[in-house]
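A short write-up of the structure that comes next.
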Amino acid sequence: MNFLDFEKPIQELIEELEKVKKSGEKTKVDVSKTVSEIETKIAEARKDIYGKLTAWQRVQVSRHPDRPYSLAYIDYITNGSFMELHGDRTVKDDKAIVGGFGEVNGKTMMFIGHQKGINTKMRQLRNFGMANPEGYRKALRLMKLAEKFNKPIVTLIDTPGAFPGIEAEERGQGEAIARNLFEMAKLKVPVICIIIGEGASGGALGIGIGDKVLMLEYTWYSVISPESCSSILWRSWEHKEKAAEALKLTPNDMFGNKLIDGIVPEPLGGAHVNQQEIFETVKQTILKHIGELSKLPTAELIKQRIDKFCAMGVVNEG
Amino acid sequence: MSWFKRIKDGITTSTKEKKETPEGLWYKCPSCKKITPAEDHAKIAWVCPNCNYHERIGSHEYFHLLFDGDNFTELFSNITAGDPLKFVDTKKYADRLVESQKKSELKDAIRCAHGQVGGYDLTVACMDFGFIGGSMGSVVGEKISRAIDYAIEQKTPFMIISKSGGARMMEAAFSLMQMAKTSAKLTLLADAGLPYISYLTDPTTGGVTASYAMLGDLNVSEPEALIGFAGPRVVKETIKKDLPKGFQTAEFVLEHGFLDKIIDRKELKPKMTQLLGFFKH
């Protein structure tokens with residue numbers, strides 16, 4: 001297990017717990033009372049720490065190395081029936097975005113998500129979840145495929161941003177994202193978008209236009225990462241905490257500002273503490289929303305989606 | 001012993017007798033350094049007569065260049081920015097807005113107008129780089145959105161002149177969602193069968209490139225304009241290598257297939273007239 005700097009009290013308790021358990025096994029002494037005491041303490045420490053997370057700490061949790069990524073969610077939700085489909089039919093297969101069909105309770109759905117690597121080698125292969133234009137174009141191809149055969153679409157968002165490389169620019173990163181925004185706005189099938197980790201800027205929005213846009217409890221979504229914001233506005237990387245605060249990037253802020261449709265609760269201490277629990281919660285959330293959205297006539301579905309995004313923004317008039 | 005000897009005193013003109021040269025009589029091209037009388041420079045669309053450098057101009061100048069007889073109706077001019085996040089960096093966003101409004105004499109980074117171009121009706125939304133780097137916040141999104149509604153209502157073609165560093169950070173996720181808002185609105189314009197011409201000028205980057213600027217039925221640009229998603233500095237830091245010459249210029253973007261055409265600003269009006277004619281007849 002990995003721990004973040006502010007999780008130190010939890011880490012110490014867990015280490016103590018391990019020690020007690022080990023010595024119990026060795027000496028055959030009954031330690032169950034001590035164990036349950038420490039477990040209560042861990043729960044309390046978690047409640048305490050996670051009850052008052054700052055914006056920056058939330059950003060840290062969203063990047064926790066043990067946090068599950070898209071494929072883990074999709075595998076659970078589809079009960080292993082997920083079949084990955086590759087390629088944008090133009091240039092190549094982008095490994096930073098995955099997609100394909102899967103079955104959920106007897107119903108076929110299209111799953112698309114940013115994918116981060118689970119170890120050093122995979123992180124490189126997945127380009128740290130930073131997609132190139134072909135990733136967005138693959139996503140769009142698969143969404144159009146789903147639309148053609150009337151299958152609902154689920155996208156899972158977890159990216160530090162679209163990749164800012166030379167080839168990405170040559171192949172039209174801006175155009176690829178723009179095209180997705182345009183096309184997703186008028187998809188004829190229900191679209192659910194869930195931010196499961198980092199929701200950074202256009203790279204997140206590029207698969208983020210949906211009838212329901214939801215955020216897991218310990219995630220963030222904004223126009224820029226707090227670090228980059230700090231470096232641009234304060235001209236130094238040192239103000240990331242302040243930037244995270246100022247950007248109002250937490251699920252509560254986003255929901256309060258009517259920029260997302262809901263928040264999905266995570267297990268205490270974050271999704272990685274109890275993966276089964278978060279997978280099940282996300283599955284039930286998807287089923288609920290797709291059930292409701294499927295009842296809407298297509299024209300109404302599209303109209304509501306477009307109207308929702310067109311209402312976003314705050315201006316003064318007069 | 002010195003080689004030279006000053007035989008006259010230095011500046012001997014008294015302050016009273018000093019002749020003031022009015023500001024702005026001359027234009028010095030930042031590219032070729034050649035000097036042109038400002039009046040002549042304005043007559044040739046603010047383009048350097050020597051090297052064709054396109055000086056950055058604002059909505060006032062573009063409207064003047066485009067609309068017949070400089071006649072147009074400005075739309076939604078009473079919309080200004082809110083400060084929904086009460087954003088503070090090294091300065092308060094609210095103060096920044098007031099300062100920018102004073103300095104630029106603009107209300108925000110975009111102006112919209114309806115007029116005739118070569119006899120054809122056209123609704124235009126034109127960005128102003130002079131207002132916080134032409135950044136896209138709620139005002140830009142709202143005015144584009146309303147201009148599209150207006151174009152649909154009046155059945156006119158639609159044009160956006162982009163000139164922007166991207167999203168306005170001080171409006172955080174609100175500015176991000178303007179990408180979604182404008183793109184969604186453009187689907188309605190497309191459904192109405194009305195042409196949308198996107199004119200990309202120097203610079204067009206970030207969230208503006210990744211939304212309406214790249215979604216034209218025709219994407220056209222000014223020569224040598226910087227056009228890209230990530231800014232050149234970010235790309236350079238990412239790859240840790242020098243960027244190839246001409247990277248992210250309009251010519252580069254055209255070569256890679258994302259622009260229909262590069263149109264010299266001096267040719268903007270006749271070429272726009274011709275294009276509008278193509279759609280009309």
Side-chain angles (χ1 to χ4, degrees), chain A residues 161-166 168-186 199 201-202 204-206 208-209 221-224 228-229 232-235 239 242-243 246-249 253-254 257 259-260 302 305-318, chain B residues 78-85 87-90 137-139 141-142 145 167-181 183-188 190-191 205-207 209-215 227-231 234-235 238-239 241 243-244 247-248 252-253 256-258:
Chain A
F163 188 63
I166 288 190
E169 294 293 321
E170 286 175 345
R171 294 199 285 266
Q173 188 73 285
E175 195 274 345
I177 292 172
R179 186 64 47 204
N180 281 18
L181 306 183
F182 184 88
E183 294 293 339
M184 286 184 84
K186 58 189 182 121
S201 197
L205 194 66
I209 309 296
Y221 193 9
S222 196
V223 71
I224 192 168
S228 305
C229 178
I232 294 174
L233 291 182
W234 282 271
R235 306 207 172 271
H239 299 269
K242 243 191 275 172
L247 285 169
K248 300 279 187 293
L249 42 64
D253 288 322
M254 290 294 285
N257 286 327
L259 298 174
I260 57 162
I302 297 171
R305 190 188 305 147
I306 292 177
D307 286 351
K308 179 182 78 181
F309 282 100
C310 287
M312 291 180 185
V314 173
V315 296
N316 294 326
E317 211 167 346
Chain B
N78 58 342
I79 298 177
T80 53
D83 180 12
L85 304 176
F87 195 95
V88 182
D89 50 89
T90 51
S138 297
V139 174
E142 181 65 20
S145 170
R168 186 173 296 170
M169 251 172 287
M170 293 74 105
E171 291 189 29
F174 280 103
S175 66
L176 178 67
M177 294 307 162
Q178 302 314 306
M179 295 167 63
K181 177 172 177 166
S183 305
K185 256 286 146 64
L186 282 172
T187 65
L188 303 183
D191 287 346
T205 58
T209 305
S211 60
Y212 52 83
M214 275 293 164
L215 290 173
I227 299 167
F229 173 67
V234 178
V235 178
T238 307
I239 60 161
K241 262 190 277 181
L243 300 172
F247 182 63
Q248 292 185 318
F252 168 95
V253 180
H256 284 93
F258 295 97

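So that the names make sense, note that chain A is the first sequence line, chain B the second, and so on, each numbered from 1. Hydrogens, waters and symmetry mates play no part in the numbers below; they use all other heavy atoms, side chains included.
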| Just by modelled atom types, is the B:Ala172 backbone N or O under 3.5 Å from a matching donor or acceptor in the B:Ser175 side chain? | yes
| message | Given heavy-atom pairs under 4.5 angstrom as the criterion, report whether the side chain, backbone, both or neither of A:Leu259 touches chain B. | response | both
| request: Can you sort out the partners of A:Ser228 under side-chain hydrogen bond (donor to acceptor under 3.5 Å, both in side chains), two or more places apart, ordered by chain and number? | output: A:Ser225
| field | Minimum-distance pair of heavy atoms, taken over all atoms of A:Gln173 and A:Phe163 | value | NE2-O, 3.0 Å
| task | Can you tell which part of B:Thr238 gets under 4.5 Å to a heavy atom of chain A, answering side chain, backbone, both or neither? | result | side chain
| remark: Most contact-rich option vs chain A, by heavy-atom pairs under 4.5 angstrom, among B:Ile227, B:Thr209, B:Asp191, is B:Thr209
| query | Where on A:Ile302 is there a heavy atom nearer than 4.5 Å to chain B: the side chain, the backbone, both, or neither? | reply | neither
| query | Given a strict heavy-atom distance threshold of 4.5 Å, which part of A:Arg171 is in contact with chain B: side chain, backbone, both, or neither? | reply | backbone
| task | Say whether, by atom type as modelled, one donor and one acceptor occur between the side chain of B:Asp83 and the main chain of B:Phe87 under 3.5 angstrom. | result | yes
| query | chain B: which of A:Gly313, A:Ala168, A:Pro164, A:Gly208 shares the most heavy-atom pairs with it under 4.5 Å? | reply | A:Pro164
| said: Keeping B:Ser211 on the side-chain end and B:Met179 on the backbone end, is there a donor-acceptor pair under 3.5 Å? | reply: no
| B:Lys181 side chain vs A:Met312 backbone, donor-acceptor pair below 3.5 Å | yes
| task | Output the option from B:Ile79, B:Thr90, B:Thr187, B:Leu186 having the highest count of non-hydrogen pairs under 4.5 Å with chain A. | result | B:Thr187
| A:Met184 versus chain B, heavy atoms under 4.5 Å apart: side chain, backbone, both or neither? | neither
| Proximity breakdown for A:Leu247 and chain B, heavy-atom pairs closer than 4.5 Å | both
| At what distance, to the nearest 0.5 angstrom, does CE of B:Met177 lie from OG of A:Ser222? | 8.5 Å
| query | Looking only at heavy atoms, what is the nearest atom pair of B:Phe229 and A:Ala162, with distance? | reply | CE2-CB, 3.7 Å
| request: Check whether A:Ala185 gets within reach of chain B through its side chain, its backbone, both or neither, counting any heavy atom under 4.5 Å. | output: side chain
| field | Leading residue by heavy atom contact count with chain A [cutoff under 4.5 Å; candidates B:Thr205, B:Ile239, B:Leu176, B:Val234] | value | B:Leu176
| said: A side-chain contact here means heavy atoms from C-beta on lying under 4.5 Å apart; do B:Met169 and A:Val223 qualify? | reply: yes
| query | Under a 4.5 Å heavy-atom cut-off, does chain B meet the side chain of A:Leu233, its backbone, both or neither? | reply | both
| Interface moiety of A:Lys242 toward chain B, non-hydrogen atoms closer than 4.5 Å | neither
| request: Below 4.5 Å from any heavy atom of chain A, which atoms of B:Ala213 appear? Answer side chain, backbone, both or neither. | output: neither
| CD of B:Glu142 to CD of B:Gln178: how many Å apart, nearest 0.5 Å? | 8.0 Å
| note | Okay, B:Tyr212 and chain A: the region with an atom under 4.5 Å from a heavy atom over there is neither
| For B:Val88, is it the side chain, the backbone, both or neither that has a heavy atom under 4.5 Å from a heavy atom of chain A? | backbone
| message | If I measure from the heavy atoms of chain A, does B:Ala81 come under 4.5 Å with its side chain, its backbone, both, or neither? | response | backbone
| Interatomic distance, A:Glu175 atom CD to B:His256 atom NE2 [nearest 0.5 angstrom] | 14.0 Å
